[in-house]
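Everything on this sheet refers to the single structure shown next.
Excluded from the calculations below are hydrogen atoms, water molecules and symmetry mates; all remaining heavy atoms, backbone and side chain alike, are included. One-based numbering along the sequence shown.
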Amino acid sequence: MGSISRKQFLTRMGLLGASAAFFSQNQLYGQLTSVAPNVSVTLSEVHKGESIFEYIKRLKGDYNITLHRQIIGAANEFKEGDLSLGVAAADSISRMRAKTLLGNTKINELNNISVYQDGITDVIGSSTERNRKVDNFTMNQLKSFILKKSESEIKRIMPALQSDIIGCLVKLMTNEELIQVGQKVFNPLPKSNIGSKGYLSARIQPNSPTDNKEDILWQVFDAWSYGVGDLVLGTNPVSSEIESVANIEKTLHEVLSVFKLEETLPNCVLSHIDVQAEVEKLYPGTTGIWFQSLAGTVDANTTFDVSIEKMQQHVANRTKQFGLYAETGQGADFTNGHGKGFDMVLHEARKYGFIRALKAQVKNSKPKEDAPWFLVNDVAGFIGPEVFKTKEQLVRCCLEDTVMGKLHGLTIGLDICSTLHMDVSLEDLDWCISQIMPANPAYLMALPTKNDPMLSYLTTSFSDHIRIREHFGYKVNDAMWDFFKEIEIIDLNNKPTKHFGDPLWVFYKYCKAKGDKRSMLEIYDEGKITMHNIRQRGIPLAEGYGKNIYDLEPELEREVRLLYEDAKTSLWTEITPAFMATVPEAIAITTNSTDRKDYVYHPESGEILAETAVRRL
């Protein structure tokens with residue numbers, strides 16, 4: 001077996017989707033570039049009106065790219081990932097000085113001297129318009145413009161904003177200011193309300209640990225019984241074998257076809273885009289929107305076995321209603337060994353610039369109202385505490401990414417999620433959702449409970465969607481709301497019916513739509529047996545609700561909490577000397593981690609054996 005780090009394996013097998021299974025063994029076990037040490041940035045006093053480049057020249061006598069990257073990174077609100085990259089501010093004084101320097105710097109200066117140059121930089125530059133007035137803005141003037149002007153005025157200059165500029169802009173904004181922008185700028189999908197002001201859609205994420213079609217299909221029924229799921233039916237597959245992916249695609253496409261929803265929302269299996277293309281060749285019309293994880297540099301995209309040219313070729317074929325569903329996330333680049341010395345926000349901004357360029361490639365050849373759907377899903381929090389250690393960092397990331405996506409003209413949604421080894425509890429996740437939702441992202445993930453049964457991480461449940469809609473007054477896509485009325489989950493007064501939260505009822509409606517002649521009792525009896533079997537396989541289907549319609553049914557709520565507490569206990573339980581004594585011929589060795597907490601929070605410390613261990617071996 002070749003060399004692979006825990007971070008590389010985790011990221012490829014998780015955040016970056018089950019598309020990781022596409023990699024050959026040689027690719028998967030490639031050498032990981034070492035992560036930068038945890039070195040923070042201290043900045044000296046700034047002169048009045050001084051820009052980044054004037055400051056660098058005063059201190060260094062000439063341009064210095066390392067200091068340039070450190071100043072840009074130090075302007076970020078603190079995140080663990082930036083510390084690993086060596087670009088986090090050492091303290092609030094240095095952070096404020098970095099923001100001051102950035103705010104004083106003109107846009108054309110930042111465009112002319114990039115923190116990193118590669119093919120993605122060129123693609124972003126070539127797809128960005130020139131605007132001399134905007135070029136002469138300082139970053140502070142741009143911030144003032146975005147906060148004060150109307151959506152239409154902002155949209156007039158958005159095509160002239162390079163990705164690094166948008167990334168630098170959000171660094172200068174408070175959370176409240178980011179929310180203000182999020183509430184003002186919207187990029188709805190063609191011929192839908194998805195991504196419009198006052199709407200919050202849902203990607204049903206019907207994952208199965210065994211790619212079982214029943215598990216997947218019934219989670220769709222479950223979601224619709226709660227009036228949730230209007231964006232995409234998107235499954236993360238365990239296997240990316242072509243036939244396995246094809247079977248899931250056909251299952252999801254069939255349920256849409258039976259209910260005549262093929263033009264309302266797409267299906268998607270989140271395998272590698274090459275695999276999806278092969279499935280479409282073998283079974284034309286069964287794939288919906290195509291998925292791919294994307295990065296912000298050419299080298300980082302090799303982790304996903306994609307290139308600029310490959311993505312351009314695939315996108316050229318996505319000319320019908322459903323185009324591309326791209327997945328990104330702060331921290332994915334450096335945990336794959338492609339940090340390149342600059343911060344996570346700029347990496348993320350460049351991903352959106354790449355996607356904007358791909359979208360423009362198709363958009364330019366079609367009328368605006370017929371342009372294919374392009375979606376971005378920002379997966380925030382999946383990697384773990386080496387990227388975001390606290391709930392506050394998670395909220396900050398989600399607000400930054402929502403605004404960056406919107407200012408790129410993209411329809412962006414979030415996977416507000418955490419892993420079990422983060423210091424983010426179930427209650428904390430609810431708090432994060434409440435802090436982020438005023439920014440009105442286009443959509444969130446949706447599962448029966450917060451716990452994903454295949455990926456084993458925490459995200460948003462069907463109940464969360466109902467609670468958010470009740471609290472913020474958000475709506476789902478009108479066409480899908482009409483469908484929920486049609487299957488009698490919602491009544492004519494837009495209120496839940498007696499069938500709300502009853503997946504058996506949706507199954508019954510599905511069978512009848514297929515022409516099933518059996519009685520309701522017979523169909524229900526079959527459904528009950530199927531649901532029992534699915535639950536036995538570890539898939540927690542939701543039914544009913546608690547005191548409020550947005551509460552989980554109490555018994556299921558208890559089960560979720562017990563599983564969470566058990567997982568936390570398992571994660572932090574130390575291996576005792578008494579247990580080690582039971583292992584025959586065991587040799588106790590240590591890594592550079594000082595203890596379990598150090599390993600969980602800084603996994604790279606556990607990837608290297610201590611010198612004493614090497615000698616002992």
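Aromatic ring orientation, Trp224 versus Phe259: perpendicular (interplanar angle above 60°, classes split at 30° and 60°).
By the ring-ring contact (aromatic ring centres under 6.0 Å, His included) test, His253 pairs with no residue at all, sequence neighbours left out. Contacts of Asp211 classified as side-chain contact (heavy atoms from CB on, under 4.5 Å), with partners at least two apart in sequence or in another chain: Pro237, Val238, Ser239, Ser244, Ile248. Remark: Lys475 engages Tyr199 in a side-chain contact (heavy atoms from CB on, under 4.5 Å) (not counting sequence neighbours). For Asn548, the side-chain contact (heavy atoms from CB on, under 4.5 Å) partners two or more places apart in sequence, or in a different chain, are Tyr550, Asp551. Legend: residues meeting ring-ring contact (aromatic ring centres under 6.0 Å, His included) with Phe472, ordered by chain and number and at least two apart, are Tyr474. With sequence neighbours excluded, the residues that form a side-chain contact (heavy atoms from CB on, under 4.5 Å) with Leu282 are Ile242, Glu243.
Environment of CG in Leu562: crowded, with over 12 heavy atoms of neighbouring residues, nucleotides or ligands closer than 6.0 Å. Counted within 6.0 Å of NZ on Lys197, heavy atoms from surrounding residues, nucleotides or ligands total more than 12; the atom is thus considered enclosed. Open room surrounds CD on Glu263; 12 or fewer heavy atoms of other groups in view lie less than 6.0 Å from it.
A donor and an acceptor atom, one from each side chain of Asn187 and His408, are nowhere located under 3.5 Å apart. Inspection of the Ser201 and Asp230 side chains reveals an N or O donor paired with an N or O acceptor under 3.5 Å. Counting only N and O atoms by type, the side chains of Glu214 and Asn533 include no donor and acceptor under 3.5 Å apart. Side-chain atoms of Glu280 and Thr287 include a donor-acceptor pair closer than 3.5 Å. Side-chain polar atoms of Glu400 and Gln330 form a donor-acceptor pair below 3.5 angstrom. No donor-acceptor contact under 3.5 angstrom links the side chains of Asn301 and Lys310, judged on distance only. Using modelled atom types, one finds no donor on one side chain facing an acceptor on the other under 3.5 Å when comparing Asn440 with Gln183. Looking at Tyr510 and Glu254, their side chains do bring a donor and an acceptor atom within 3.5 Å of each other. Using modelled atom types and a 3.5 Å distance limit, the side chains of His421 and Thr419 yield a donor-acceptor pair. With no hydrogens or angles considered, no side-chain donor-acceptor pair links Asn247 and Tyr283 at under 3.5 Å. Donor-acceptor pairing under 3.5 Å is lacking for the side chains of Thr569 and Trp572.
Paired with Tyr226 under the rule ring pair (Phe, Tyr, Trp, His ring centres under 6.0 Å), one option of Trp505, Tyr545, Phe500, Phe221 passes, and it is Phe500. When each of Thr497, Asn494, Asp491 is paired with Lys485, the side chain to side chain donor-acceptor pair (under 3.5 Å) condition holds for Asn494 and for no other.
Aromatic pair Trp290/Tyr325: centroids not less than 6.0 angstrom apart.
Salt bridge annotation for Lys351-Glu348: present, with a cationic side-chain nitrogen under 4.0 angstrom from a carboxylate oxygen. With salt bridges taken as basic N to acidic carboxylate O contacts below 4.0 Å, one links Lys509 and Glu488.
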